[in-house]
Amino acid sequence: MLFYLFICLPIIQVSLAESAYEYKSYKNYKLYEVEGDHENFNKVLENLKDFVELPYFETRNDKLEILIAPDVNSLFEEITSFYDLKTKVVVEDYSEIIRLEKSGYRRNSVFSWTAYYDVDEIYAYLGNISKEYSNWTEVVVGGESYEGRKIVGLRINTPTEADEPKKIIFIESGIHAREWITPATTTYFINQLLTSTDPKITSIRDQFEWQIFPTVNPDGYHYSFTWDRMWRKTRSKSTFFCYGADPNRNWDYNWLQHGATSNPCNYQTYGGSEPFSEKETRTLSEYIQHLDNILAYVAFHADAQMLLVPYSDSVDHIDNYDDLIKIGKTSLEYGYKVNGAKYDGPATAAEILYKASGGSMDWVRHALGTPLVYTYELRGRSFHWPPDRIYEQGDEVTQMMLGLITEACNLDYC
Ligand code: 0X9
Ligand code: ZN
C-alpha cells in the first residue's frame, strides 16, 4: 500500500489541485508526437509512467502520441532529447479542444447529433424513442455499474412472419469512457434504424433482432463528462486514492497477459483485481451469456481508425478468419464510400495495433463462440471529434454495418 501511496502521490496532488471543484481544464497541456527508436519510446514511458501524470499516450503509425502537463514539459523535453527522440507539438493547448467540443449546438432539449450528451440524456433518448416505437422496441438493462447506474440499451425487434426467432446483432459501445464519439454514433445508428426510409436500412433492421448499448461504462462516461475529459476506466475504488479499472482489460479470457497492468493507479490499463472484478463487465457478460443466437458482436471504440478481429493478444488466425476479413473488408468499403475515410485492417489488434488481453471481443469469441466478432476503432484525434461533424461518422457507421451484414449474408451467415 505504501508503495502505491508513494507512486500515486504526485499524480493525486495534480488531480486534486485541478479537479476537486471543477471540470479539469487541461489548460496548457500539450499533445506531442514523438519520432525515433521504439525501444526508446518505452524507455521514456518507463521513466515517466508511474511518477508523473500521463492522461494519455499511445504508439500509432510508428509515432508516440503523448499528452504532457505543463509542469512535466521540461522534464519530458529533457528525457526525449536524452534518448535521441524527435518531438513535435501537435496541439498547443489541449483545453481549447475540450472547450470547442463542449460548445456543440443543442436544440432546445431535443436530443440531436450536433452535441455530446451525458449518460442521463442518452438514457432519456432511449426511453423516449422506445415509447415512440413501442410496438417493436424496448429499453433493456444489460447490467449495472459500480455507482449503481443501469447499463441501458435498446432492443429492436420488428414483427416477423417467420416461426424462428431472429439472430441477434449485439452492439457494445462506450466501454472506454473518453471515447465520446462511440455513444454518439451508436445513438445516431439507432436513429437511422428507426427512422430511415432507405429500403436497405429498413431491411437490415427487420432481418435481425438488435441489442444496442451506447454506454456500457456509464460511471466512467459521466465522470469524463463532468470531471475529467480523459477518463477511460470504470469508477470503482481500488485503493485509498486510485479509482477504476480498464473495462476492456477485465474480461475473463487471458486476463492480464498482454497490454494490461496490475497497478491500480495506472491511469489507462489497470486490469482490475481479478477477471470480472468490475460490476459493469461482470453483469454485462452475464446478460450477453443468456442471449440465444448472437450472430454478431460489434464493439465500438475510438480513435485508431481501424477494424479489428479476434483475438487481440495473438497473431494466430481463428477458424473463420478468412470470412471475418472478407466481411470486414466489405464493411470498410461501404464506410469509405461515405466520406472517403480509409480504415486500417481488418486484422488482429496484435498485428496492427498492439497486443491487449482481457477485452470484451476476445471473451465473447472464446466463451460464446459467436461467429462474427469485431471491434471498430472510429476516427478522431486523442478521442476528440467535433460535435458538428458527428453525423459524418454516424453515416459511416451505418454504412459499415450495412456492408458487414450484406457480406455476412453473402457468405451464408444470416
Ligand atoms: O486498447 C483497447 O482496448 C482498444 N484501443 S483503445 O484505443 N480504444 O483503447 C483496442 C481494443 C482491441 N480489442 C481488444 N483488446 N479486445
Ligand atoms: Zn477504447
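Counting starts at 1 for both ligands and their atoms, in listed order. Note that the structure is a prediction, hence the values are computed from the model and not measured.
- Here the heavy atom of the protein found nearest to atom 11 (C) of ligand 1 is Asn248 ND2, 3.6 Å.
- Side-chain polar atoms of Tyr188 and Asp395 form a donor-acceptor pair below 3.5 angstrom.
- Of the candidates Glu58, Arg249, His301, Arg249 brings a heavy atom nearest to atom 3 (O) of ligand 1.
- Ring to ring, Tyr267 and Trp231 are close: their centroids are under 6.0 angstrom apart.
- Note on ring orientation: taking the six-membered ring where Trp is involved, the planes of His176 and His301 are perpendicular (angle over 60°, cut-offs 30° and 60°).
- Aromatic pair Phe111/Tyr125: ring centres closer than 6.0 Å.
- The distance between the ring centers of Tyr23 and Phe225 does not fall below 6.0 angstrom.
- An N or O contact shorter than 3.5 Å links Tyr354 to ligand 1 by distance.
- Ring planes of Trp210 and Phe189: perpendicular class, angle over 60° (limits at 30 and 60°).
- The shortest N/O to N/O separation between Ala302 and ligand 1 falls below 3.5 Å.
- For ligand 1, the polar-atom distance check finds an N/O of Glu179 within less than 3.5 Å of one of the ligand's N/O atoms.
- Ligand 1 has an N or O atom lying under 3.5 Å from an N or O atom of Arg232, backbone or side chain.
- No part of Pro310 comes within 4.0 Å of ligand 1, judged by heavy-atom distances.
- Between the OG atom of Ser331 and the CG atom of Leu402 there is a distance of 9.0 Å, given to the nearest 0.5 Å.
- Under a 4.0 Å criterion applied to the non-hydrogen atoms of Ala356, ligand 1 contributes the atoms 15 (N).
- The part of Leu353 lying near ligand 1 is the side chain, judged by heavy-atom distances below 4.0 Å.
- Aromatic ring orientation, Tyr297 versus Phe170: parallel (interplanar angle below 30°, classes split at 30° and 60°).
- In Leu308, the part holding a heavy atom less than 4.0 Å from any atom of ligand 1 is the side chain.
- A distance of 6.0 Å or more separates the ring centres of Tyr391 and Trp113.
- Closest to atom 13 (N) of ligand 1, if we only count protein heavy atoms, is Ser312 OG, 3.0 Å.
- A donor-acceptor contact closer than 3.5 angstrom is absent between the side chains of Glu396 and Tyr376.
- No other N/O/S atom of His176 lies as close to the Zn ion (ligand 2) as ND1 does.
- For atom 6 (S) of ligand 1, the closest non-hydrogen atom of the protein is Glu377 OE2, 3.3 Å.
- Among the atoms of Glu179, an N, O or S atom falls under 2.8 Å of the Zn ion (ligand 2).
- The Zn ion (ligand 2) lies closest to atom ND1 when only the N/O/S atoms of His301 are considered.
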